Each structure stands twice: as structure tokens, then as C-alpha cells.
Amino acid sequence: MSNEADRYDPAAVEQKWQAHWAEQGTNCFTQEELRNAPDPLYNLMMFPYPSAEGLHIGNIYAFTGADVHGRYWRLRGRTVFEPIGFDAFGIHSENYALKVGVNPNDLIPRNVANFTRQLKRIGGMFDWNHVVDTTQPEYYRWTQWVFLKLYEGGLVERREAPVNWCPSCMTVLANEQVISGLCERCDAQVEQRLLPQWFFKITRYAGRLLDNIEQLDWSDVTRKAQVNWIGRSEGAEIDFPVQGDADGTRIRVFTTRPDTLFGATYMVLAPEHPLVDRITTAAQREAVAAYRDEVARRDLVERRKTDKTKTGVFTGGYCSNPVNGEPVPVWIADYVLMDYGTGAIMAVPGHDERDFEFAQQFGLPVIRVIAASGEHADTPLDAAYDGDGQLVNSGRFDGLSVSDGKRAITDWLAAEGVAEARVNYRLHDWCVSRQRYWGPPIPIVHCDACGAVPVKESDLPVLLPYLEDFKPDDSGISPLARARDWYETACPECGAAARRETDVSDTFLDSAWYFMRYPSTDRDDVALDPEITRRWLPVDCYIGGNEHAVLHLLYSRFVTMAMNDLGIIDFEEPFSRFRAHGLIINEGAKMSKSRGNVIVPDTIIEEFGADTLRLYLMFLGPYEQGGDYRGQGIQGPHGFLGRLWQAVQSVSDEPADADVERKLHQTIKQVTAQLPELQYNTAIAAMMEYLNVVRAAGRTARRAEIEPLLILLAPFAPHIAEELYQQLGNDQGLFASARWPDYDEDKTREDTVEVAVQVNGKVRGKVTVAADADESAVVAAALGNDNVARFIEAKAIRKQIYVPGRVLNLVVG
RNA sequence: GCCCGGGUGGCGAAACUGGUAGACGCGCCAGACUCAAAAUCUGGUUCUGGCAACAGAGUGUCGGUUCGAUUCCGACCCCGGGCACCA
């Protein structure tokens, strides 16, 4: 039996093999190796933000799932590049630094060191020679370079824009960082401010970003989130002439419902619309000015609340409806947004819910122009109807369907020169300016003579100066303006005294291209080594949380597409395959610091070892759906590894038993099919089942039965797999020399099968027959079953259905 | 409101293209080993009835299609996530 020396000691095993892999450079590549790697597979996971708390169990879940995937393909013979890094710039880090009163320049390296220590303990096959830390000049130098390239490509623009301003963080937020009116980070109410900002023109790519989604091998949820975010809508822009305007001014609206044009009983402009002054009559001037002031004071978010009752003011002016010349009163209201479409709408209260509500509020007329079946032109409307039907009250277009009406009216107006078909997207340009300290300085110099001038590529990086006082204030100017020596510089163009741009760029820019940099980190003279980039990119498989389904993935796609267009790279989609992992919860409850139920990985690793933790996390539930971490549950995988260890201690050299061998081949088949699909929980169950068979009734495991199992298990529990593989007499190292076991289809087949026998659809007995038994033999066996016979009695069999090897249903009556 | 994802034993979960519901694991119960406990091992474990053989019920609810439905169709309820005045 076993003695103390034979006992499974995870700490010892894990230390031994981690040291071994590090010494051998098992998972690391040289530049030369990256250039020549055969059959490369780029296995990427979302790099973490190195918080002060250290690795979260959710990080470990994410990384382990990705690592299992990488290790699997490695054992299948691929050259797998699996890098890791740190997304360490940004408001997260800066706010934390402010809170604890430590400069981020000192704080972040400590966090990175701690993360590195923890990451090494979980046994991922990371290439520690190719780490990216976004806060290091060796990296952000090239982030600035990416900015300059997009700038040269005409994709960057500085413009004054109303922005979301968080009064607590004292910074501009992207729309995406405003969650139902509040700052996503501190929950403060967000306000509207007007500031000059740097924008990336992502909207230019809206169509392509949308169209490509179809061909991506991505999680369905993620693709849908992107589609919704881009928000394509098809319609028309239509000009409405302003009545009594000597210059023939027209107001252009965007609508997705040109078919309802005859029902447009008023128009609404966004309060900021440039034509408001022109159209407003003297009598209404005061009321309009007051309303515009009121709206301007409110933040962008409050304006977007739907439950709020509609407000607005009549301008006193009128336009003509281009289809019939009818006068249409022009209003302004804050439910129309300046930054979508043309900032003006034709209001059709009969068939648009919001317009209906507004019309009710202000007593404006409602006209029916669509009739559903059973309705006619005079059927009263007590709510907006936005369904299908036929056009009514629409002159010569009466009787057309909604879709035909759209086309017919658009075509006619287009021929008249007053409309054109048009597609709009909800996607906005990406504001990359941040009036903060902890980020890469935007590489621009402002010169009184030359304007905004890009820094010369050869002068990169624009180093982030060490600032003792990095706290932002509410001036809207970055703390960097206080670093005089840094701020005052010479114009790259004319050499005159000039000032540096003091905004830093959004963290999302750091993460929008980090995956391109990983394989090229050996080069400090270029951002991307062309040969290596061609070999390794795009990323073969990317795994991460679905909280980044929209922003990070969309920005990465945009930057990739732009760099492709600029001739820097030769692919336009960064991630061929993307899978979103689920969330880990704790005993049915979400984990959070405030609840005090956060699972600390270090203590679990100390008690059970990284292999057990990895195996347990992957066993909890379907990887793409997440799982419920229950403290007791870890005993399952823990016991499994212990039994495997014991089985190896007393392994025999006899050949594999035939029944066990069949089970082995079935197991190899299942695990091989499930690992690339990330179906980890069921693959692990299959291995457990197999070990139960190997050890059944106290039998001694045989070497030929165990060795293949070690390889199947190695992606999940790499340390113990290596150790036991070595104990079986292999001295080359499992990951260095083993290859994934093959299965033989013939050997997976059973000789006999159990067939369920149903009578009128209910199982009444089971019969065991030869696997190749024909239907008549199965029926004969079934009729020989006492219980089946009891239910058939003397009744005639009217019908029999036989599903080979599964079920026989006898219908009697 | 709209768009996703999900409701299966005491618990986490399985179930191929419509074919034996509950694999695997936790927990629990019983037994072995032990002075005892832990660890380990063996057996049992959907619910109800029955000593058992077996019978009845059962995959959120109601209805439908089918020889047969967790799986397909229709209506609805609940939980989780995302978007939200985008014309």
C-alpha cells in the first residue's frame, strides 16, 4: 500500500514542474523561433488590469479556460504562442492610486509584480519573454505611433463637442462609460460639457464593421451585441422647404418611414439645430431661447430618459410637406438628438410612439396613413400604430404596402430632387481624449503659427513625466499642463515656442492593438515585425469576458481595419475566433468586495494546488456559461487527482484489459471532440468516468490504460500530468515529447447494446442484444420479457418502431 | 419597451440529428478500516407507494404536433445580462 512518500503533494509537484518549464523555456520563444514556427497557433486571452487586490478567481477562470485550449493544441502538434500582459493605464489605476495616496508610477509596478507571481503559480503556458505592459514607454511609444498613423490617414480629428463629464472623476467619459446616467466607475451623475476633443472616425467604418460580423467565428451573443451597437437603419433624408423663406432654405430630416410622409403633421428640430434661429418667429423667440437654455443646462443623460414626459416649444415657423404642400409647424424638443441623423425629424404621431406622445401633450393633429387589415382610412387611432398594413390618406400611394410605399415615395421624391435614400448608424465617433494623468500623452504639439502638429515619429515616445501631484481638477485641463518643462516645447514644424497636448489617450486605445505587439516585443525599432506579424496574426483564438463584447472588441476591429487600409498590416479582422466565457458566482451569489464573498485563489492553491483549482473551475459548468463556485465541490476534482496518483503508484505492466480499452477509446474520442469546442465540464466528467472503470472493484491499473489518460488530462492539470508521466518512466517531459492519443473507431464499439422496450410509448422493460441484432431479433427478445408481455397481454401489435440500438416501441390496442 | 442567455433531483450539472431523463461531481444515508476521529474504501441516493418485483408522477406554466418531446410549434410566468427618446 501507499506510504507517506507516495502521497500526492501538489505544492512540491507544481514547484518542480514550473521550475522545469522555466529552465527549459518550454513555453517561451526567441525571435528566431517566432519567425520560423511551424503550424503556428496564436492563443490569446484578454490581458488583466493589475489591481491592487491581485488576481480574481474570475481572471483565473478566464485564463485557465484559454490555457486549456492552448495546451490542447500544443499536444496536437501546433506551435502555440500564448502571451500575457497588463492593461495598467487608465482611470481604474489612477483612481485607486489617488485613493491610497500612492503615485501610480510606484504603485503599478508593484501590482504587476504581484500579478506576475500569481500568474506563474496557476501554471499557464505563458511566454514570459513577450510580455506587454501598456504603461512602459517601450509599449506606449508604439501606441502613440498608432495614433500618428491614424492621424496621417485622416482618421483623427479634433473638434469641440458636448461630452459626458463626470464631476467626481473630473474627466470626460465615453458614451459607453455612462451607465444609465451615471459614471460607470463612481456612480456620480454625469453632466454635459463642451470641450475640444480628439476623435477617431470609427463611424466611417460602420458599414464594414457591421458587414464583416457575419463571417466571424465568434460567440453568437457577442456578434449580436456588436450588431446592436452599430445600429444600422435604412431610410431616407427628405427636404422640407421653409415657408416664407426668401433664400429657399430647406430643413432636412431623416426618417425610416418615408411611407408615412402624408401623416407628418409637425416637425421637430433638436434644440441645438443650427436652423432654429432662422426659423423662429419674433413672437416665439423668447420662449425658444428659454427652452434652449434649459436643455443646455441638463446633462446628456437626463435627456435620454424615456419615462420623462415630452417637452418642447413651437418656433412659430412652418415648412411645407413636400408631398402635398401642406403647412407643417416646426417645434423644437429635446427628444430629438442633434448627433443622430440630421438632428431633425418629421413627426408622424399616428405611427410613432414618441411623436404620438408629443402630439397628445401639445394637442397636435394625428392622421392615420397606415391601415392594418380590418381597418380603413377613418378608423380612429388611440395609440401609435407601427405595424404592417396598407397606405391610406396618402393620395395616389393609397393601397401600397408599407415596404412598397417606402420605396415608391422615396423614388418619387428623389426624382424631384428633394430626397435621397440613406443609411444611418447609431455608432458614434470614438472620443479618445482623457483629461487625466495616467495614460499615454497624445503625441501632438500646439503651435500658434502651425496649429496642431503631430510629433515626429523619431521623437517618440512622448514620455509621461513623473508628476508628484497628478490629481485632476475641474478646469477640464489635464494635470499634465502643470509639468512646465514638459508642457512647453518647440513646434516640430517651425521650431517656435509651442505647447504639448495635455490630454492622454483612452485606455481602450492601449488594448485595441496590444495583441499585435506581443509577438514583436523583441523589436524596439518597429512596432510590428513584418515577418512575424504575417506568420502569427490574426489571432486564431481569443477568449475573454463578454463585458468587452462591444467596446474593446469593436475598437480593436476598427484599429485593425484602419491599419490594414494604411498598408501596415495585411488583415482586416483581428480575431478569427472569439469565445466569451461565463461568469463565476459564489454559492449562487455574485462576488463583490462589498459583499465580502470574494474567493481568494492563493489560499485555495495552498490547500489543494493549482491543478485541482484549474480542474474544478473547468468542471463547474459549461465554460461559456460560467458556474457556481461552491467550497465543498472542490473535493470532487481533488479526490479524482488523488485516486489517479494512487493508481499510478501501483501500476502494472500487463496489457490493457479489453473492456477498459474500449472505454479508453470512447473517452479519447469524446475528449478530443469536446476540448476544441470548450466543452470542458463534460470532457472532465468523461475522464472521471474512465478512471472509475480503470479502478473498478479495486483492480490494479495498467500502464497502457493510464498513460493516455495523463495526456488527456494534461491541459487541465499540467503539473501532475507531467509528474505522473515521468513516474511511468518517460524522461522527456510530457509537453516536450508526448503527442495526443489517437482513438480507433472500431475499438469504441460495444458488442452488446441495451434496448429500451416501450409499450405505447412507456418503457416496460430492457433487453440486451448483440450490437448488430436485426429488428426481428430485438422484437423476439422484447416479447420474451415478462413485464413487456404483461402489458401487451393478448392485444395486437398495431405498429412497431425500432431505433437501432436504442429503443423499440410497440403500439398495441 | 427592445435584444440576448437561462429555468431539469437537496445542490453544481448531463442528455447525439425527436428515442431508456438525471451521466459526472457535491451533499446526504449505510457499511468497512480505526480505541475514536479525520482521511480512505464499498454500496445506496428524483419524488410518492411497496419488503420487493413493480406501479404512478416528474425537465418553469398552459396548450399543440408525434408511436415517442428536456429537445419541435403557439401563448405565458420567473431569473440573469445588455441596449434604451437613434426618428
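Note that this is a predicted model, so its numbers are computed, not measured. To find a chain, count down the sequence lines: A is the first, B the second, and so on, and within it residues start at 1.
Considering only residues two or more places apart in sequence or on other chains, A:R426 meets the side-chain contact (heavy atoms from CB on, under 4.5 Å) condition with A:Y340. For A:E353, there are no salt bridge (Lys or Arg N to Asp or Glu O under 4.0 Å) partners, not counting sequence neighbours. Contacts of A:D355 classified as salt bridge (Lys or Arg N to Asp or Glu O under 4.0 Å), with partners at least two apart in sequence or in another chain: none. By the salt bridge (Lys or Arg N to Asp or Glu O under 4.0 Å) test, A:K406 is found to be paired with no residue, residues two or more places apart in sequence or in another chain being considered. The side-chain contact (heavy atoms from CB on, under 4.5 Å) search around A:I202 returns A:L209, A:L427, A:D429, A:W430, A:L554, A:Y555, A:F558, not counting sequence neighbours. Residues meeting the salt bridge (Lys or Arg N to Asp or Glu O under 4.0 Å) test with A:R368, sequence neighbours left out: A:E375.
Atom CG of A:L644 is separated from atom P of B:U40 by 15 Å (rounded to the nearest Å). With rounding to whole Å, A:W331 atom CH2 is found 17 Å from B:C85 atom C1'. In this structure, A:E689 atom CD and B:G22 atom P are separated by 13 Å, rounded to whole Å. When rounded to the nearest whole Å, the span between CG of A:N546 and C1' of B:C83 equals 13 Å. One interatomic measurement links the two molecules: CG of A:D386 to P of B:G1, which rounds to 14 Å at whole-angstrom precision. Rounded to an integer number of Å, the gap from CH2 of A:W229 to P of B:G81 is 18 Å. Taking atom CD1 of residue A:I585 and atom P of nucleotide B:G12, one finds them 9 Å apart after rounding to whole Å. Residue A:E353 contributes atom CD, which lies 17 Å from atom P of B:A84 at whole-angstrom precision.
Inspection of the A:Q666 and A:T748 side chains reveals no N or O donor paired with an N or O acceptor under 3.5 Å. Side chains of A:E624 and A:Q679: a donor-acceptor N/O pair is absent below 3.5 angstrom, by distance only.
A distance of about 22 Å separates the C1' atoms of B:C16 and B:U65, rounded to the whole Å. Comparing the P positions of B:C73 and B:C79 gives an interatomic distance of 24 Å, to the nearest angstrom. With both ends at atom C1', the span from B:G22 to B:G74 equals 28 Å, rounded to whole Å. To the nearest whole angstrom, the two P atoms, one in B:A23 and one in B:A15, are 12 Å apart. Here, B:A69 and B:U17 have their C1' atoms 14 Å apart, quoted to the whole Å. Between B:G31 and B:C78, the distance separating the two C1' atoms is 43 Å to the nearest Å. Taking the P atoms as reference points, B:G25 lies 11 Å from B:C41, given to the whole Å. For the P atoms, the distance from B:C77 to B:C24 is 38 Å, rounded to whole Å.
For A:S233, a side-chain nitrogen or oxygen approaches OP1 or OP2 of B:A87 to under 4.0 Å.
Salt bridge status for A:E689 with A:K663: present, with a side-chain N to carboxylate O gap under 4.0 Å. Between A:E357 and A:K310 there is a salt bridge, since a side-chain N of the basic residue sits under 4.0 Å from a carboxylate O of the acidic one. Salt bridge status for A:E237 with A:R422: present, with a side-chain N to carboxylate O gap under 4.0 Å. The pair A:K224-A:D220 counts as a salt bridge, with a side-chain nitrogen and a carboxylate oxygen less than 4.0 angstrom apart. Checked for salt-bridge contact, A:R252 and A:E420 meet the test: a charged N lies under 4.0 Å from a carboxylate O. The residues A:E294 and A:R292 are annotated as not salt-bridged, no charged nitrogen and carboxylate oxygen being separated by less than 4.0 angstrom.
Judged by closest nucleotide on RNA chain B, A:V803 is the one of A:V803 and A:G636 placed further toward the 5' end. Take the nearest nucleotide of RNA chain B for A:A686 and for A:G341: the residue whose nucleotide is more 5' is A:A686.
Each of B:C41, B:A87, B:A13 was ranked by its minimum atom distance to the side chain of A:F254; first place goes to B:A87. Among the nucleotides B:A13, B:C85, B:G25, the one closest to any side-chain atom of A:N681 is B:A13. Distances were taken from every side-chain heavy atom of A:L337 (C-beta onward) to each of B:G19, B:A87, B:C24; the shortest belongs to B:A87. Of the candidates B:A15, B:A87, B:U20, the closest approach to any side-chain atom of A:R806 belongs to B:U20. The listed nucleotides are B:A87, B:A14, B:A23; the one nearest the side chain of A:P622 is B:A14.
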Which donor-acceptor pairs under 3.5 Å do the side chains of residues 632-643 of chain A make with protein atoms, sequence neighbours left out?
none

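Backbone-only engagement by A:R643 is indicated by non-hydrogen atom pairs under 4.0 Å involving sugar-phosphate atoms exclusively. Across all strands, A:Y629 comes closer than 4.0 Å to no nucleic acid atom at all (heavy-atom distances). Across all strands shown, A:E754 has heavy atoms under 4.0 Å from base atoms, whether or not it also approaches the sugar-phosphate. Contact annotation for A:R232: no contact, since no heavy-atom pair falls under 4.0 Å across all strands.
Using a 90° window around 0 for the glycosidic torsion, B:G9 falls inside it and is classed as syn.
Relative orientation of the A:Y623 and A:H581 rings is tilted, given thresholds of 30° and 60° on the angle between their planes. A parallel orientation is assigned to the rings of A:F358 and A:Y266, their planes being inclined by less than 30° (bins at 30° and 60°).
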Could you list the protein-to-nucleotides 2-11 of chain B atom pairs, N/O on both sides, closer than 3.5 Å?
none

Identify all pairs in which a protein N or O lies below 3.5 Å from an N or O of nucleotides 64-67 of chain B, and state each distance.
unit_1	atom_1	unit_2	atom_2	d
B:C67	O2'	A:N809	ND2	3.2
B:C67	O2	A:N809	ND2	2.4

Show the distances under 3.5 angstrom between N or O atoms of the protein and N or O atoms of nucleotides 27-31 of chain B.
unit_1	atom_1	unit_2	atom_2	d
B:G27	OP1	A:Q632	OE1	3.1

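A:R614 forms no cation-pi arrangement with A:F716, by the criterion of a distance under 6.0 Å to the ring centre and an angle within 45° of the ring axis.
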Applying the Watson-Crick and G-U criteria (both distances under 3.5 angstrom) with [ ] for crossing and | for other-strand pairs, one obtains for RNA chain B (((((((..(((......[....)))((((((.......))))))((((....))))..(((((..]....))))))))))))....

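Here the options are A:M687, A:M688, A:R695, the test is side-chain contact (heavy atoms from CB on, under 4.5 Å), and the partner is A:L691; only A:R695 passes.
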Expected string for nucleotides 43-56 of chain B under the B/S/- scheme (protein heavy atoms, under 4.0 Å, primed atoms plus P, OP1, OP2 as sugar-phosphate) is -----------SSS

